[in-house]
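Residue indices begin at 1 and follow the sequence shown.
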Amino acid sequence: MLTAFARAFRTPDLRKKLLFTLAIIVVYRVGTHIPIPGVNYKAVQTCVTEASGNQGLFGLVNMFSGGALLQITIFALGIMPYITASIILQLLTVVIPRLEALKKEGQAGTAKITQYTRYLTVALAILQGTGLVATARSGALFSGCTVAGNIVPDQAIFTTITMVICMTAGTAVVMWLGELITDRGIGNGMSILMFISIAATFPSALWAIKKQGTLADGWIEFGTVILVGLVMVALVVFVEQAQRRIPVQYAKRMIGRRSYGGTSTYIPLKVNQAGVIPVIFASSLLYIPALIAQFAGGDSGWKRWVTANLTKGDHPIYITMYFLLIVFFAFFYVAISFNPEEVADNMKKYGGFIPGIRAGRPTAEYLSYVLNRITWPGSLYLGLIALVPTVALVGFGASQNFPFGGTSILIIVGVGLETVKQIESQLQQRNYEGFLR
């Protein structure tokens, strides 16, 4: 990996792309520290210090924003509205025939779906920005903070609208920065911004564990966490690269005097076909009842039950529901993102077949059987990785958003591998020495 980066910096055009990407990252990180108008910055810093290690319901979103959410800055919403919009459009593509037709149109259809994603991102940013401002005004953003009610001193309607507009504009700028990286940088812009947001929270989280430690002034706990993180990274890399390759043979066809086809290839089915999306879905779904209970008035029985069982990451009911939801969403997302019947029909159309399996319906049934077999270990792996913060919560007294937690490690490793592959592919396009030997 380091060799690829060194070679990329020696290539003039790739060096320009890398430097441009670094410049965009600097702009993005500067924006995460600029507070929006109408916010009492000193009160926010006081509450952030008091809530360190206990971010509650907003911990996941705060991680995706690089710590900007609880700072209430112009990039407070970060890349999260775009992620949500992309997932919604991907799910709707299976349900709405018009979107499915656009997806099959190629580049033009993809551009149209991207435009719809941008519109939905702005709408979600307005909705989430309004919710964040309302939460900050009520003092519920930092539960237990002594000055939480003073975060937004001026609660006039004009100030509220200004704050929401600033957050929405910040989300639009973040989306634009990501597209700039995709077009003029090294590519994969949105994922790189997500990578930077999560990686930016690592130093403070690790140092907090060191300060809370008691063995050798906290260095024993610090070293243990680093070691566990390295083991987890190795495990995630191993599983993320694992795939089941289903061989496909294409029959020869005579067109005129020329022979076409007769090649062998394979269909790569990843063990973790769903990626990190099941973890995000499960976390978001478990946040909903706790969020409703937080804003609900009174002291009803369901509110006491939700507060006691679904707001603590180390509670057995929370752990069980979290694990089962991850497994369910892993199968759900794989079912809607990979269509065995469509793959079998395309193979049959172009004369392809799996050795030993008849074309058509038997091929679709075989692909579905294999996909279900490999999704089970993939979903269990996701569930176990996501429970690492819970183990850390008990063992080290860390926050629920442990620095080497499931969601963060999956995204960090996934984006890192994808970025390295893109750099290597661009190097191969400019350096043909390996092909000429």
Side-chain angles (χ1 to χ4, degrees), residues 5 8-9 15-37 39 41-42 44-45 47-49 51-53 55 58-84 121 125 128-129 132 136 141 163 165-208 229 276 399 401-405 407-416 418-420 422-423:
F5 276 106
F9 267 101
R15 183 169 61 247
K16 291 180 181 178
K17 289 186 176 183
L18 286 171
L19 293 176
F20 180 81
T21 302
L22 291 175
I24 295 296
I25 289 173
V26 170
V27 172
Y28 174 65
R29 288 304 301 162
V30 169
T32 58
H33 292 86
I34 301 176
I36 62 175
V39 173
Y41 184 72
K42 290 184 179 180
V44 170
Q45 294 304 310
C47 289
V48 168
T49 304
S52 179
Q55 299 165 355
F58 306 97
L60 181 67
V61 185
N62 187 60
M63 181 185 69
F64 278 109
S65 66
L69 176 76
L70 296 182
Q71 300 278 354
I72 318 181
T73 64
I74 57 174
F75 290 167
L77 301 179
I79 203 71
M80 200 64 178
Y82 184 85
I83 298 172
T84 308
T121 299
Q128 293 180 11
L132 178 59
L141 185 62
M163 294 173 69
I165 291 175
C166 287
M167 288 187 182
T168 306
T171 299
V173 171
V174 170
M175 184 168 54
W176 176 62
L177 293 177
E179 293 180 355
L180 281 178
I181 295 177
T182 303
D183 296 336
R184 301 176 55 185
I186 59 177
N188 210 16
M190 300 299 178
S191 298
I192 288 178
L193 291 183
M194 193 192 313
F195 176 96
I196 295 300
S197 298
I198 296 174
T201 62
F202 273 32
S204 59
L206 288 171
W207 191 248
V276 74
S399 65
N401 293 286
F402 186 57
F404 293 109
T407 309
S408 56
I409 283 293
L410 287 170
I411 294 175
I412 288 286
V413 172
V415 176
E418 187 66 27
T419 303
V420 171
Q422 287 188 351
I423 293 175

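The structure places CD1 of I74 at 12.5 Å from OG1 of T168, a figure rounded to the nearest 0.5 Å. Rounding to the nearest 0.5 angstrom, the gap separating the CZ atom in F195 from the OG1 atom in T419 is 7.0 Å. In this structure, CD1 in I79 is found 11.5 Å from CD1 in I192, a value given to the nearest 0.5 Å. To the nearest 0.5 Å, the span separating OG1 on T171 from CG on L77 amounts to 4.0 Å. In this structure, CZ on R15 lies 7.5 Å from CG on L19, to the nearest 0.5 angstrom. Taken to the nearest 0.5 Å, the CZ atom of F20 stands 7.5 Å off from the CD1 atom of I181.
Annotation: side chain of V174 is not in contact with side chain of Y82 (no heavy-atom distance under 4.5 Å). Contact of the V173 side chain with the V27 side chain is not registered, since no non-hydrogen atoms from C-beta on lie closer than 4.5 Å. The side-chain heavy atoms of N188 and Q422, taken from C-beta on, include a pair separated by under 4.5 Å. In this structure, V39 and M163 have side chains that are in contact, with non-hydrogen atoms separated by less than 4.5 Å. Put simply, the side chain of S191 does not reach to within 4.5 Å of the side chain of E418, judged on heavy atoms.
Nearest approach of G129 to M167, heavy atoms of both residues: CA-SD, 3.9 Å. The two residues S197 and Y28 come nearest to each other via the heavy atoms OG-OH, 2.5 Å. Across all non-hydrogen atoms, the minimal contact from K17 to G185 is CD-O, 3.4 Å. Nearest approach of I72 to A136, heavy atoms of both residues: CD1-CB, 4.1 Å. Residue R29 comes nearest to H33 through the heavy atom pair O-ND1, 2.9 Å, listed as atom of the first residue, atom of the second, then distance.
Of the possible polar contacts, one joining the T182 side chain to the G189 backbone as a donor-acceptor pair under 3.5 Å is found.
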(request) Show the numbers, then the answer: is there a side chain to side chain contact (heavy atoms under 4.5 Å, CB included) between R184 and I24? (result) CA-CA 11 Å; R184 301 176 55 185; I24 295 296; over 6 Å; no
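The salt bridge (charged side-chain N to carboxylate O under 4.0 Å, His left out) pairs that include a residue from residues 168-181 are R118-E179, where partners are two or more places apart or lie in different chains.
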